[in-house]
Amino acid sequence: QKEVEQNSGPLSVPEGAIASLNCTYSDRVSQSFFWYRQYSGKSPELIMSIYSNGDKEDGRFTAQLNKASQYVSLLIRDSQPSDSATYLCAVNRGYSTLTFGKGTMLLVSP
Amino acid sequence: EAQVTQNPRYLITVTGKKLTVTCSQNMNHEYMSWYRQDPGLGLRQIYYSMNVEVTDKGDVPEGYKVSRKEKRNFPLILESPSPNQTSLYFCASSPTLGAGTEAFFGQGTRLTVV
């Protein structure tokens, strides 16, 4: 059974802090990993993708992948109140559909 | 503008009254899918389609039907809606199916069945 696990939160951080969001997955042959941001009642939007072990940075966002530990994380530096949302981790392997975690709610307080 | 368009955005209906939620994408994507999202349960896939006339069940297909007669359209049909199908529905499309392929989501349809 393919599973993607995330802590539901909420994760609360003050403005300007680093927010760290974590995701584990059970399928060892997973190849692609995505982070989506979803504001309440809105559709998910892609913010990061990562395919190789290590770090990938894009502005204030850094995705980290460790395939040996089956772990992927998202760091948000200098967190802003506008970052308050639910963050969905998604995984797929080869010719398969995306599997989503249930999401972690992030709250950034001014 | 590249987009996935769902209609309607909001719908209130009564139990047993057939309804269709439309989904259209203008990106020439092969792969399309439907999800429902419920509090505490996350996004769950209902049906997906890998190309015209090719559809398959996702994780929660009961009570739903789909069709893919044209590449751009992938309607979701509820033949006899029930209150447990009250949910937020998303259509998504991808260029293809496989590693490295992200999903593009429609705006969502909030369905209430009374």
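Note that the coordinates shown come from a computational prediction; the quantities given were computed from them, not determined experimentally. Here is how names work: the chains are called A, B, and so on, in the same order as the sequence lines, proteins then strands, and each is numbered from 1.
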For the rings on F100(A) and F34(A), is their centre-to-centre separation under 6.0 Å?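 No, too far apart.
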
Centroid-centroid under 6.0 Å between Y25(A) and Y71(A) rings: no

Indicate yes or no for a side-chain donor-acceptor contact from W34(B) to the backbone of V66(B) under 3.5 Å, with no hydrogens or angles considered. no

Can you pull out every side-chain hydrogen bond (donor to acceptor under 3.5 Å, both in side chains) where at least one residue sits in residues 100-110 of chain A? Sequence neighbours excluded, please.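 Residue pairs with at least one partner in residues 100-110 of chain A: there are none.
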
Part of [X] within contact of chain B (heavy atom distance under 4.5 Å):
X: Q38(A); answer: side chain
X: Y36(A); answer: side chain
X: I50(A); answer: neither

Taking atom types as modelled, find out whether Y89(B) and Y64(B) have a side-chain donor-acceptor pair closer than 3.5 angstrom.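 Yes, Y64(B) and Y89(B) have a side-chain donor paired with an acceptor closer than 3.5 Å.
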
Strictly by disulfide bond (SG atoms under 2.5 Å apart), give each pair with a member in residues 28-74 of chain B just once, sequence neighbours left out. none

Filter on salt bridge (charged side-chain N to carboxylate O under 4.0 Å, His left out), then keep only pairs touching residues 61-85 of chain A, sequence neighbours left out; what's left?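 Only E57(A)-R77(A), R60(A)-D83(A) qualify under salt bridge (charged side-chain N to carboxylate O under 4.0 Å, His left out).
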
Using a heavy-atom cutoff of under 4.5 Å, enumerate the residues of residues 103-114 of chain B that contact chain A, numbered in order, or state 'none'. A103(B), F105(B), G106(B), Q107(B), R110(B)

